[in-house]
Amino acid sequence: MVIEVRNVTKKFDTFTALRGLNLQVQPGELVALLGPSGSGKTTLLRVIAGLEFANEGQVLFDGKDAGSRHVGERRVGFVFQHYALFRHMTVFENVAFGLRVVPRQRRMSDSDIKKRVLSLLSLVQLDRLSDRYPTQLSGGQRQRVALARALAIEPLVLLLDEPFGALDAKVRKELRRWLRRLHDDMGLTSIFVTHDQEEALELADRVVVMNQGAIEQVGTPEEVYDTPATPFVYEFLGNVNRVPCRINNGKVSLWGIDVAAETHDGTPIPEGDTAGFAYVRPHDIELTPVGQGEPAVVRHVAAAGPTARIEVSVQGVVPLIEAQLSRKRYLELGLKVGQQVGIAARAARVFPASASPSPMAGSVSG
Amino acid sequence: MIAKNSGEEIFRTKINPITEGRAMRIGLITASLAYMLLFLVLPVVTVFVEALGKGVGTYFEAIKDPAALSAIKLTLLTAAIAVPLNMIFGVAASWAIAKFDFRGKSVLITLIDLPFSVSPVISGLIYVLLFGAQGFFGSWLAEHDVQIVFAVPGIVLATIFVTFPFVARELIPLMQEQGTEEEEAARSLGAGGWQTFWRVTLPNIRWGLLYGVLLCNARAMGEFGAVSVVSGKIRGLTNTMPLHVEILYNEYNIVAAFAVASLLAFLALVTLVAKGLLEWAYGHELGGSRT
Amino acid sequence: MAVVVSSPATTRGTWMTHTVLPGFGLTMGFTLVYLSLIVLLPLAALVIRASGLGWDQFVEVVTAPRALAAYRLSFGAAFIAASVNIVFGVLVAWVLVRYRFPFKRLVDGLVDLPFALPTAVAGIALATLFSKNGWIGRLVEPLGFKVAFTPFGVVIALVFIGLPFVVRTVQPVLQDLDKEVEEAAASLGADRFQTFRHIILPSILPAAVTGFALAFARAIGEYGSVIFIAGNLPMKSEIVPLLIIIKLEQFDYRGAAAIGAAMLAASFVLLLVINLLQRWSRRRMGGA
């Protein structure tokens with residue numbers, strides 16, 4: 001099913017959660033809504049589900065306005081962040097619920113319901129726990145019950161709110177792969193909300209990066225990671241060094257390369273000299289023996305693992321710069337704290353300061 | 001409920017999936033308000049309307065009647081004895097129960113709550129069986145010319161019994177929630193036992209204590225059944241306000257009965273307002289889920 | 001930090017652990033003495049007095065026709081009143097938790113009125129209200145509905161005094177109900193009625209039944225609010241507490257003690273039931 005969100009604005013009392021959003025999801029896609037808390041991603045998911053209603057704009061399912069359709073009529077499978085299992089019902093009854101509340105004339109027979117529920121439970125590998133109550137299950141098992149329950153109504157679209165948020169790291173990874181397989185095998189259209197970039201990049205066909213009620217960028221994981229459209233996306237996805245610089249007639253010279261400044265919304269770069277920020281990924285930084293490149297001093301070394309993370313200070317640049325080197329290169333250079341080195345950039349992108357978000361706490365961070 | 005056939009898109013898009021339609025909501029609110037109007041508001045209004053039905057002059061005359069005044073005095077006296085005693089008991093019991101671990105704690109709490117599950121009439125009856133003319137100590141008391149039942153001491157005892165748990169049951173959960181860390185800190189800083197209680201514990205429980213005292217007092221002044229059994233209902237001597245209301249009512253002195261009753265109703269309303277204010281302002285400092 | 005002595009067998013014996021806090025002996029001693037003098041000893045007197053009758057006579061007194069009629073009225077009216085209150089109590093709790101309307105705080109506070117209003121005052125007010133010339137009696141009596149001085153009046157008084165119980169037990173449970181669970185039901189296609197019937201009702205049922213039991217327990221012992229509106233006719237509209245008082249007034253101490261002991265036993269059974277219900281309620285809410 002094609003889901004289209006058109007100009008959706010959602011306001012709560014004094015707070016605007018969504019500001020005129022547009023988004024299209026194609027049949028069979030697995031889309032991640034990624035953003036920090038308060039970015040509006042859960043609200044968008046709830047508007048699509050029909051759990052909230054937009055103040056302006058439309059949600060279309062296969063081109064038809066779904067705004068007048070009640071959540072129960074939309075055939076969306078919604079998996080809640082804390083699962084929202086019915087705690088006085090067994091696993092079996094939880095999954096059967098959506099089949100039992102169908103009006104009598106359209107309802108399946110009890111034996112068909114039983115067959116369907118058991119097959120769903122075997123799909124989520126919980127067939128042996130069908131008589132248990134939710135409180136007797138582990139977090140991962142509850143998650144799968146919630147999923148089976150949502151799938152029981154044969155949803156046209158599966159919506160998941162932070163589906164792995166409440167699980168510990170190991171279970172999370174397992175379930176992630178399992179969900180991807182399930183999505184592909186069943187030919188679902190799915191949208192999930194997450195604040196975990198790794199999860200979004202690994203699992204999704206396309207990632208929607210959201211910030212302050214607006215969409216910053218939509219693209220494949222490679223696109224959003226390799227060519228972030230905005231400073232926000234740069235800072236939110238992956239590690240990046242944010243280097244203050246001066247833009248001269250639309251150009252910046254930084255550590256051996258010339259970079260043209262750009263704006264994500266097409267506003268022209270001011271003529272002459274203006275302040276800007278250069279964004280450089282740590283793996284796009286090269287350290288060289290002293291004498292070559294811009295002079296720098298090694299301040300911190302973290303060399304355990306396949307790559308070494310080196311923090312250096314560069315004259316005239318306030319934050320420490322993080323560089324990522326292969327272990328081999330690190331050993332070649334024999335880097336030590338206090339050592340003088342040269343720094344060079346392989347690639348960078350520059351945005352005018354007016355387009356950059358205020359630095360987030362620890363802009364160089366996972 | 002969703003109006004399935006409603007063609008009005010705007011109405012339908014505004015509905016929250018987990019609430020009811022406007023008509024349903026208004027219907028339910030109306031039904032519950034009507035229920036409360038019938039059983040709560042009308043009786044209270046009746047009290048004041050009947051009391052003032054023959055004018056303000058008659059009202060004050062009824063209250064200034066010597067028998068009424070002595071009933072008021074006895075009620076105040078009874079509360080003045082019963083409430084402080086139960087307050088001291090409540091603080092002591094909750095200190096022992098909340099700050100220490102010992103076996104049989106839940107049994108003790110159940111026993112403290114016991115008077116709540118006993119009929120007021122039985123609460124009076126037990127003292128008659130102990131101290132009445134045919135009671136266990138009846139002949140001994142008669143020999144020594146001490147009268148408890150059908151006299152003021154009996155009224156006070158019965159009142160203490162029915163209001164026994166009020167302060168304790170407010171303070172026990174509150175002090176259990178607060179734990180013992182602050183007191184232990186005070187002790188480790190050199191405070192003595194009383195200092196710890198006055199300076200650390202009491203400030204922490206003051207609003208809960210006030211809440212319990214408030215409810216205890218309302219019940220102490222309003223108790224009828226238990227007091228009615230142990231009182232001889234001797235006008236001017238062993239009549240509390242509620243008993244006086246009964247006598248006046250049974251004498252068909254309706255205005256006077258409601259005049260005295262209006263004082264008690266007023267006390268109840270003041271208690272409710274004070275209780276509401278406490279919950280509103282200090283809900284988090286009261287025990288349990290009183291917010 | 002609690003200075004926990006390594007061996008549990010401290011100077012205080014094995015039944016409590018040692019802490020640095022003082023005053024356990026004093027407060028516990030006072031608690032036990034006061035409790036014994038005010039509550040336990042007098043209650044024991046009742047049991048002893050009742051047992052003085054001997055079993056056969058005890059049974060004869062507590063199963064006398066007049067007593068049986070009084071039980072029937074007290075328990076029957078208490079049951080009907082608690083049933084009315086479980087329905088309207090859930091309704092009032094629902095409205096107070098879920099909806100917004102003017103003066104809601106005031107209405108919420110008013111729920112506790114039956115706890116605060118002296119029973120004698122409630123009694124004469126209800127009797128007046130439902131009497132032939134009262135505001136409500138005037139309306140219903142022409143319809144052939146006689147309330148005052150009938151067993152129906154007893155029910156009215158017991159509805160009044162039992163009103164807060166169900167509201168106050170159900171309210172916190174409704175408040176803590178997870179909104180997402182209802183959304184889940186809605187997303188699976190349940191309408192509001194189905195959600196209430198299958199999701200909300202099972203969650204609040206233990207609390208509602210607990211409130212019912214509390215209201216019932218309070219109602220069977222109630223005296224003040226009932227005697228003014230009940231006719232107090234033996235065999236017809238005489239409640240058990242009144243029968244006890246009548247026996248006392250006739251100086252039949254043993255008879256009063258016997259019926260009192262029977263009622264006390266009923267109260268204790270109810271107390272036990274209520275405790276079990278509360279445990280059930282906590283399990284239903286707390287999980288595990």
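We use all heavy atoms of the structure for the numbers below, so side chains are in, but hydrogens, waters and symmetry mates are not.
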Given the rule in the side-chain contact (heavy atoms from CB on, under 4.5 Å) test, do B:L108 and C:M28 qualify, once you have shown the distances and angles that lead to the verdict? CA-CA 10 Å; B:L108 184 57; C:M28 187 55 123; 3.9 Å; yes

Step by step, would you call B:F136 with C:I48 a side-chain contact (heavy atoms from CB on, under 4.5 Å)? CA-CA 10 Å; B:F136 287 95; C:I48 292 168; 3.6 Å; yes

Max heavy-atom pair count under 4.5 Å with chain C, selected residue of B:L111, B:T110, B:T271: B:L111

Which of C:L126, C:T195, C:L214, C:V111 touches chain B most, by non-hydrogen pairs under 4.5 Å: C:V111

Could you give the distance from CD (B:E20) to CH2 (C:W94), rounded to the nearest 0.5 Å? 5.0 Å

Between C:I124, C:L106, C:L35, which has the largest tally of heavy atom pairs under 4.5 Å with chain B? C:I124

Between CE of B:M36 and CG of C:L91, what distance do you get to the nearest 0.5 Å? 10.5 Å

Quick one: does NZ or CZ of B:R25 land under 6.0 Å from the six-membered ring centre of C:F101, within 45 degrees of the ring axis? no

What residues of residues 41-51 of chain B make heavy-atom contacts with chain C at a cutoff under 4.5 angstrom? B:V41, B:L42, B:P43, B:V44, B:V45, B:T46, B:V47, B:V49, B:E50

Taken to the nearest 0.5 Å, the spacing of C:R98 CZ from B:L28 CG works out to 11.5 Å

Can you tell which of B:N250, B:L130, B:V121 has the highest number of heavy-atom pairs within less than 4.5 Å of chain C? B:V121

Counting only heavy atoms closer than 4.5 Å, note whether C:I274 contacts chain B via side chain, backbone, both or neither. neither

With a 4.5 angstrom heavy-atom cut-off, is it the side chain or the backbone of B:A226 that approaches chain C, or both, or neither? neither

B:L264 and C:P118 have their tightest heavy-atom pair at CB-CG, 3.7 Å

Residues at least two apart in sequence or cross-chain that pass salt bridge (Lys or Arg N to Asp or Glu O under 4.0 Å) with C:R168, listed by chain then number, are C:D108, C:D112

Between B:L114 and C:L271, is there a side-chain heavy-atom distance shorter than 4.5 Å? yes

B:E184 CD to C:L21 CG distance, which is reported to the nearest 0.5 Å: 5.0 Å

Got a donor-acceptor contact below 3.5 angstrom from the C:S267 side chain to the B:S117 backbone? yes

Please flag which part of C:V240 lies under 4.5 Å from any non-hydrogen atom of chain B: side chain, backbone, both or neither. neither

Drop me the distance from C:K179's NZ to B:T19's OG1, to the nearest 0.5 angstrom. 11.5 Å

Under a 4.5 Å heavy-atom cut-off, does chain C meet the side chain of B:S94, its backbone, both or neither? neither

Between the main-chain N or O of C:G221 and the side-chain N or O of B:S119, is there a donor-acceptor pair closer than 3.5 Å? yes

Quick one: does C:R218's side chain get under 4.5 Å of B:F116's, heavy atoms only? no

Could you go through C:L163 and B:Y35, starting from their C-alpha distance and side-chain angles, then the distance that decides it, and tell me whether this counts as side-chain contact (heavy atoms from CB on, under 4.5 Å)? CA-CA 10 Å; C:L163 193 144; B:Y35 180 68; 3.4 Å; yes

Portion of C:A122 that has a non-hydrogen atom of chain B nearer than 4.5 angstrom: neither

Which atoms of B:N86 come close to chain C, meaning under 4.5 Å heavy atom to heavy atom: side chain ones, backbone ones, both, or neither? both

What is the distance from atom CG of C:L117 to atom CG of B:L272, rounded to the nearest 0.5 Å? 8.5 Å

Heavy-atom side-chain contact between C:Y34 and B:I88 under 4.5 Å: no

Ring center gap for C:F88 and B:F39 short of 6.0 angstrom: no

Shorter than 4.5 Å, heavy atoms on both sides: which option in B:L243, B:I26, B:L85 has the most such pairs with chain C? B:L85

Is there a side-chain contact between C:I244 and B:L125 (heavy atoms, below 4.5 Å)? yes

Which bit of C:L270 comes within less than 4.5 Å of chain B, counting heavy atoms only: side chain, backbone, both or neither? neither

Honestly, the part of C:Y99 sitting under 4.5 Å from a heavy atom of chain B is side chain

Quick one: does C:P22's side chain get under 4.5 Å of B:R187's, heavy atoms only? yes

Please classify the contact between B:V245 and chain C as side chain, backbone, both or neither, with a heavy-atom cut-off of under 4.5 Å. side chain

Output the option from C:F160, C:F228, C:F130, C:F196 having the highest count of non-hydrogen pairs under 4.5 Å with chain B. C:F228

Close side-chain approach of B:P242 and C:V121, heavy atoms under 4.5 Å: no

Which bit of C:I136 is near chain B, if near means a heavy-atom gap under 4.5 Å: side chain, backbone, both or neither? side chain

If the plane angle is over 60° it's perpendicular, under 30° parallel, otherwise tilted; pick one for C:F24 and B:F102. tilted

Nearest heavy-atom contact between B:V128 and C:Y253 is CG1-OH, 3.5 Å

Nearest heavy atoms of B:F224 and C:G224, plus distance in Å: CD2-CA, 3.3 Å

Beyond-backbone contact of C:T128 with B:F258, side-chain heavy atoms, under 4.5 angstrom: yes

Portion of B:F164 that has a non-hydrogen atom of chain C nearer than 4.5 angstrom: side chain

Interface moiety of C:F251 toward chain B, non-hydrogen atoms closer than 4.5 Å: both

Considering only heavy atoms and a distance below 4.5 Å, find which of C:F268, C:Y223, C:F115 pairs most often with chain B. C:Y223

For chain B, find which of C:L264, C:V159, C:I227 contributes the most heavy-atom pairs closer than 4.5 angstrom. C:V159

Proximal component of C:L248, with respect to chain B [non-hydrogen, under 4.5 Å]: side chain

Ignoring hydrogens, what is the shortest heavy-atom contact between C:G260 and B:I122? Give both atom names and the distance. O-CD1, 3.4 Å

For B:S228, which atoms come within 4.5 Å of any heavy atom of chain C: side chain, backbone, both, or neither? side chain

Counting heavy-atom pairs under 4.5 angstrom with chain B, the leader among C:I220, C:L32, C:L41, C:N85 is C:N85

